[in-house]
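Note sheet for the following structure.
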Amino acid sequence: MCLAQVGKSAPDFSMPIACFGEAPGKRRMTLNEFSGRWLILFFYPLDFTDVCPTELISMSDRIEEFSELGAEVLGVSVDSVHAHAAWMSTPRLQGGVGPLKYPLASDMTRSVSSNYGILSDEACVALRGLFIVDPEGVLQYAAVTNLNVGRSTDETLRVLQALQTGGLCPADWKPGSAMVGM
């Protein structure tokens, strides 16, 4: 077991994925596949819930912004790839997420959630963990919230841009703002 630690190599993984329009579980994704690119790896508790679709849809609606920054997005839960595919096939107005512009991975074994230190023992699901891995595979950012609080896509983009500067970014830094010592 390798717990995720900022500044260290991100724990490796291999998980089956569901992509809209593809047979679920047809392929697996590994950390190595993201080599040379930034990875936004985020965990959410379960498909077909109340807060989770707001996060997944927000990330999907802003995927072009992540792409422009050289980043890819991968969502993960403990649900099966078949549940993911059903959720992506269900229209948003009917409780689904509709077609997403990034894959959802299945961590049914809960080993990846455990390795990233976000497995809730009580609920047996992943907490809302967000990890940013740099192109060399080093974990640069980690944030975890409890099951009831959704994340901000704006903040994820801001942190990614701050990390990409390589400089010292003060509190509330935004792209174009002065960095510390400059």
Side-chain angles (χ1 to χ4, degrees), residues 4 6 9-22 24-49 51-81 83-90 92 96-108 112-113 115-118 125-145 149-165 175:
V6 172
S9 292
D12 199 9
F13 58 78
S14 175
M15 294 178 282
I17 62 164
C19 290
F20 188 75
E22 237 182 63
K26 182 178 177 182
R27 62 185 170 111
R28 300 178 74 82
M29 292 202 103
T30 64
L31 179 62
N32 192 48
E33 289 180 56
F34 298 96
S35 180
R37 294 167 290 177
W38 290 85
L39 171 62
I40 308 301
L41 178 66
F42 76 97
F43 294 79
Y44 63 95
L46 293 168
D47 296 345
F48 295 100
T49 55
V51 176
C52 297
T54 64
E55 295 182 304
L56 275 71
I57 290 168
S58 179
M59 290 283 221
S60 184
D61 289 350
R62 313 260 317 261
I63 198 71
E64 287 79 16
E65 293 173 70
F66 287 106
S67 294
E68 288 171 9
L69 295 169
E72 293 199 39
V73 175
L74 179 61
V76 182
S77 84
V78 298
D79 289 302
S80 72
V81 289
H84 291 338
W87 204 25
M88 288 188 283
S89 295
T90 304
R92 292 177 179 183
V97 292
L100 296 174
K101 297 176 184 171
Y102 57 86
L104 296 180
S106 173
D107 182 27
M108 286 186 62
V112 180
S113 299
N115 286 345
Y116 278 81
I118 58 162
V125 297
L127 298 171
R128 294 184 194 285
L130 177 89
F131 301 90
I132 300 179
V133 181
D134 73 16
E136 288 75 44
V138 175
L139 182 60
Q140 294 294 336
Y141 178 82
V144 181
T145 63
V149 178
R151 292 162 280 212
S152 166
T153 302
D154 286 334
E155 178 64 2
T156 302
L157 284 161
R158 185 193 77 82
V159 170
L160 175 61
Q161 291 169 311
L163 289 168
Q164 290 178 340
T165 69

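Along the sequence shown, residues are numbered consecutively beginning with 1. Remember, predicted model here, so these are calculated numbers, not experimental data.
- Using a 4.5 Å cut-off on side-chain heavy atoms (C-beta onward), Gln161 and Pro175 make contact.
- Heavy-atom minimum distance, Val73 versus Pro103: O-CD, 3.8 Å.
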Handout entry: salt bridge (charged side-chain N to carboxylate O under 4.0 Å, His left out) evaluation trace for Asp107 with Arg28
Key = CA-CA 11 Å; Asp107 182 27; Arg28 300 178 74 82; over 6 Å; no

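- Interatomic distance, OG1 of Thr153 versus CZ of Arg151, reported as 9.0 Å (0.5 Å rounding).
- Contact between Leu46 and Cys52 at its shortest, heavy atoms only, is O-SG, 3.4 Å.
- In this structure, CG on Leu160 lies 11.0 Å from CZ on Arg158, to the nearest 0.5 angstrom.
- At least one side-chain heavy atom of Leu69 sits less than 4.5 Å from a side-chain heavy atom of Leu157.
- Using a distance-only test at 3.5 Å, with no hydrogens or angles considered, a donor-acceptor pair links the side chain of Glu33 to the main chain of Thr30.
- Residues passing the side-chain hydrogen bond (donor to acceptor under 3.5 Å, both in side chains) test with Ser60, sequence neighbours excluded: none.
- A distance of 4.5 Å separates CZ of Arg27 from SG of Cys19, quoted to the nearest 0.5 Å.
- The two residues Val149 and Val51 have their closest heavy-atom pair at C-CG1, 4.5 Å.
- For an aromatic pair to be called close, the ring centres must be under 6.0 Å apart, and Phe42 with Phe131 fails this.
- Partners of Asp47 according to the side-chain hydrogen bond (donor to acceptor under 3.5 Å, both in side chains) rule, which considers only residues two or more places apart in sequence or in another chain, are Tyr44, His84.
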Handout entry: Evaluation steps, side-chain contact (heavy atoms from CB on, under 4.5 Å), between Arg128 and Ile118
Key = CA-CA 8 Å; Arg128 294 184 194 285; Ile118 58 162; over 6 Å; no

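- No side-chain donor from either of Asp154 and Ser152 sits under 3.5 Å from a side-chain acceptor of the other.
- A heavy-atom distance below 4.5 Å is not found between the side chains of Leu127 and Thr145.
- With rounding to the nearest 0.5 Å, the separation of OH in Tyr102 from CE in Met59 is 6.5 Å.
- Atoms OG and CZ, from Ser67 and Arg62 in turn, are 12.5 Å apart once rounded to the nearest 0.5 Å.
- Residues passing the ring-ring contact (aromatic ring centres under 6.0 Å, His included) test with Phe48 are Trp87, sequence neighbours excluded.
- For the pair Asp79 (side chain) and Ala83 (backbone), a donor-acceptor distance under 3.5 Å is absent.
- Side-chain contact between Ile40 and Leu74: absent, with no pair of heavy atoms (C-beta onward) separated by less than 4.5 Å.
- For Phe66 against Thr156, the heavy-atom pair with the smallest separation is CE2-CG2, 3.9 Å.
- Note: Met29 CE to Leu41 CG = 11.0 Å, rounded to the nearest 0.5 Å.
- Nearest heavy atom pair, residue Arg92 against residue Pro99, reads NH2-O, 4.3 Å.
- Val78 is listed as a side-chain neighbour of Ser113, based on a closest heavy-atom distance under 4.5 Å.
- In this structure, Ile132 and Leu39 have side chains that are not in contact, with every pair of non-hydrogen atoms separated by 4.5 Å or more.
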Practice task
Starting from the C-alpha separation in whole Å, work towards a yes-or-no answer on side-chain contact (heavy atoms from CB on, under 4.5 Å) for Gln140 and Val133.
Solution key: CA-CA 6 Å; Gln140 294 294 336; Val133 181; over 6 Å; no

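- Between Glu64 and Lys101, the closest heavy-atom pair is OE2-NZ, 3.5 Å.
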Problem - Working for side-chain contact (heavy atoms from CB on, under 4.5 Å), residues Val6 and Tyr141 - result: CA-CA 6 Å; Val6 172; Tyr141 178 82; 5.8 Å; no

